Number of protein chains: 2
Amino acid sequence: MLTERQQLILGAIINDYIRSAEPVGSRSISKRGDVGFSPATIRNEMADLEELGFLEQPHTSAGRIPSIQGYRYYVDHLMKHDSVTDNELKTMRSFFASRMIEMEQVVQHAAMIISNLTNYTSIVLGPDSVNQALKHFQLVPLGGDKAVAIVVTDTGHVENRTVTIPADLDMSDMEKAVRFLNERLSGVPLLRLKSRLFSEAGEEMGRYAEQIEGLLGILEQALRPEQDGRLFVSGTTNILTQPEFKDVDKVKTLFDLLDETPTMLKLFSSMPEGIQVRIGTENDHEAIASCSLITATYALDGHSLGTIGILGPTRMDYGKVISLLGALSSNMHLMIGRGGQR
Amino acid sequence: MLTERQQLILGAIINDYIRSAEPVGSRSISKRGDVGFSPATIRNEMADLEELGFLEQPHTSAGRIPSIQGYRYYVDHLMKHDSVTDNELKTMRSFFASRMIEMEQVVQHAAMIISNLTNYTSIVLGPDSVNQALKHFQLVPLGGDKAVAIVVTDTGHVENRTVTIPADLDMSDMEKAVRFLNERLSGVPLLRLKSRLFSEAGEEMGRYAEQIEGLLGILEQALRPEQDGRLFVSGTTNILTQPEFKDVDKVKTLFDLLDETPTMLKLFSSMPEGIQVRIGTENDHEAIASCSLITATYALDGHSLGTIGILGPTRMDYGKVISLLGALSSNMHLMIGRGGQR
DNA sequence: GTTAGCACTCATCAAGGTGGAGTGCTAACG
DNA sequence: CGTTAGCACTCCACCTTGATGAGTGCTAAC
């Protein structure tokens with residue numbers, strides 16, 4: 001357990017470092033006023049804090065920088081949650097004033113704004129459509145054996161996929177099958193669609209067996225999970241203003257990771273609900289070992305729809321980001337209640 | 001007019017520079033074998049070429065580098081169009097072997113491959129849907145005054161937009177209007193849709209005036225040109241391997257430009273048909289004043305659908321990129337004839 | 001327990017020196 | 001007369017050196 005004074009000093013060091021990106025010396029802490037001790041005393045404490053693993057020294061006779069453990073302690077115990085500034089609030093308001101219709105647009109736009117307010121990069125994992133309910137299904141033949149399958153969900157989300165239609169299927173029969181689907185299975189979560197189609201179609205199975213079979217195959221294609229399209233990265237260039245990214249090699253490894261959709265999907269979908277802070281190597285991807293990732297899940301009607309994440313250097317303004325994400329989620333709730341769909 | 005020998009030397013210098021990214025000296029040209037003159041002679045010619053504006057000297061006693069005018073002359077007269085290598089062909093083939101369905105997917109995927117083969121960045125401007133023909137229109141009500149409008153074009157492209165429905169419109173009447181649209185206006189280019197709706201609906205105007213009016217408003221919303229969504233950038237990180245981008249500031253200005261969708265749209269849609277080469281300041285955007293942009297338009301059934309562009313440093317392997325774009329467009333033609341839609 | 005003082009370490013920066021790559025010029029060569 | 005060898009010159013890139021200063025750890029005094 002840290003003493004009161006150690007906490008004070010650790011907090012002061014991390015705050016300083018977040019601002020300056022440079023190792024913090026004992027003298028500068030002493031001069032700041034809020035820690036009323038001489039540099040020598042502070043040095044002693046710093047040595048202790050280093051031994052305990054909260055601080056690191058890039059080299060002898062440089063100041064100290066926080067270790068990952070240090071950041072962790074800061075986030076869990078010391079950090080004061082910034083109140084959102086007037087300016088930030090104004091930006092948020094003007095954003096919510098502009099009429100936003102689709103949930104996804106709201107979230108993406110919000111992510112962009114946070115990215116600009118913080119100069120970090122934001123990443124949005126869009127809603128996973130398999131949990132949404134079917135609103136409408138449509139099959140538009142294109143000629144040949146191709147058709148466009150369109151799925152509209154209850155949240156207004158539209159998925160479309162070009163599918164191949166088995167040659168032995170009659171199109172007008174298919175239309176009946178599609179009508180059946182729309183009449184009987186509207187409101188069913190996409191995930192359950194196939195199994196429900198089986199059970200619902202039970203009685204008519206004999207007559208329409210072939211069409212149902214064909215429809216199943218098409219659904220299979222249409223609901224095939226979309227790899228891209230759920231992931232939106234914005235403000236990638238913002239992070240280039242951070243001094244830790246003045247080295248192009250680092251930038252490249254980071255951007256390469258961001259481009260690797262499957263990895264990012266895995267990373268994001270594994271995030272628990274609520275606001276999460278992952279510091280440095282707590283993310284087990286080498287490319288972001290010197291970054292921190294703060295994520296928040298967003299939800300509609302109680303069940304979570306997606307994740308929004310802010311990626312920055314470990315020397316991140318945790319307080320600001322967390323309070324902005326908080327402000328967003330509370331405002332978003334308002335927003336969606338007011339004018340969104342549903 | 002340049003003499004034979006001057007052309008030879010200029011070509012050799014540019015080829016060398018493209019490979020090495022470093023100023024080229026007279027000795028290294030002389031040693032290459034294909035120019036059988038002594039360094040002194042070459043130096044004299046280089047001095048002349050510099051006076052003529054084809055070469056530049058970063059500073060006294062450095063080698064020469066090509067000027068923009070030099071690159072231009074190279075592209076127009078000297079460059080030998082690389083034959084595509086076996087390896088590249090193999091990559092292309094395996095790409096075309098995997099069944100691609102949608103035109104846009106083909107082009108995007110192709111752009112990515114070229115980007116990887118060349119280590120430059122590729123940009124695709126997708127087809128402008130207003131020139132495509134209507135295949136199917138659908139309106140899915142979401143509850144409240146919202147609905148999803150879906151437009152399918154003859155190329156299999158799907159656009160969807162959430163629209164607001166005027167409160168005074170009856171939904172079942174609207175359905176009739178939509179059916180009318182699908183029956184009578186299928187095959188009409190989206191651009192003409194509104195005017196054709198007027199003329200076609202002429203006779204029934206009296207009875208259905210209100211619905212047609214409402215439909216017009218909805219079409220207005222649904223066809224509102226999409227800002228994003230037409231532009232795809234891939235291989236952004238590839239360009240980071242180029243030595244000219246080892247400075248983060250340059251990277252930032254470039255990436256900022258790439259993120260600025262409207263500017264990029266303007267830049268790309270102003271490109272004439274065929275293969276175009278814009279060198280350095282020939283693009284009038286400061287951010288890419290030290291870059292070259294090679295674009296090719298792609299077409300289906302004669303009318304052009306979009307543009308694919310490769311962005312790299314002025315010291316670009318022009319021959320390779322141009323031949324790859326060529327190979328792509330010829331192969332793409334095959335591809336689309338074979339298995340694509342239409 | 002706290003603080004002043006001091007020797008020590010080490011990154012950073014500017015100044016000076018060196019090597020090498022490359023040039024331009026001149027004179028000689030075929 | 002075009003081509004080439006030779007040479008002095010330029011200038012960048014690199015290294016070394018020394019000075020500066022920020023910061024530490026330790027010790028002794030308060």
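The analysis underlying the following values was restricted to heavy atoms, covering all of them including side chains, and did not include hydrogens, waters or symmetry mates. None of the values given here were measured: they were computed from a predicted structure. Letters A, B, ... are given to chains in the order of the sequence lines, protein chains preceding strands, and every chain is numbered from 1.
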**Request:** Would you please indicate yes or no on a ring centroid separation below 6.0 angstrom for A:Tyr71 and A:Tyr318?
**Result:** yes
**Message:** For A:Asp249, is there an ion pair with B:Lys246 - N to carboxylate O distance below 4.0 angstrom?
**Reply:** no
**Asked** In B/S/- notation, 5' to 3', how is nucleotides 1-9 of chain D contacted by protein heavy atoms closer than 4.0 Å?
**Response** --SBBB---
**Request:** Rounded off to whole Å, could you give me the CD-to-P distance for the A:Glu50 and D:dG23 pair?
**Result:** 15 Å
**Complete:** The residue among B:Asn238, B:Thr236, B:Thr237 that forms side-chain hydrogen bond (donor to acceptor under 3.5 Å, both in side chains) with B:Ser115 is B:Asn238
**Message:** What's the closest nucleotide to the side chain of A:His59 if the choices are D:dT10, C:dA11, C:dT23?
**Reply:** C:dA11
**Prompt:** Which whole-number value in Å describes the distance from A:Ile65 CD1 to C:dA11 P?
**Reply:** 14 Å
**Item:** Stem list, DNA chain D (Watson-Crick or G-U pairing under 3.5 Å, at least 3 consecutive pairs)
**Value:** C:1-30 with D:1-30
**Asked** CD1 of A:Ile29 versus P of D:dA22: gap in Å, rounded?
**Response** 16 Å
**Request:** Heavy atoms only: give me the nearest B:Gly312-B:Tyr120 pair and the separation to one decimal.
**Result:** CA-CD2, 3.9 Å
**Charged N-O contact under 4.0 Å between B:Lys250 and B:Glu244** = no
**Request:** Taking the six-membered ring for Trp and the single ring otherwise, decide whether the centroids of A:Phe255 and B:Phe255 are under 6.0 Å apart.
**Result:** yes
**Prompt:** B:Ser61 or A:Gln57: which one's nearest nucleotide on DNA chain D is closer to the 5' end?
**Reply:** B:Ser61
**Item:** Pair A:Arg19 + A:Asp317: basic N to acidic O under 4.0 Å
**Value:** no
**Message:** Quick test of your reading of the model: are A:Glu56 and A:Arg64 salt-bridged, counting only N-O distances below 4.0 Å?
**Reply:** no
**Request:** To the nearest Å, give me how far apart CD (B:Glu22) and C1' (D:dA13) are.
**Result:** 11 Å
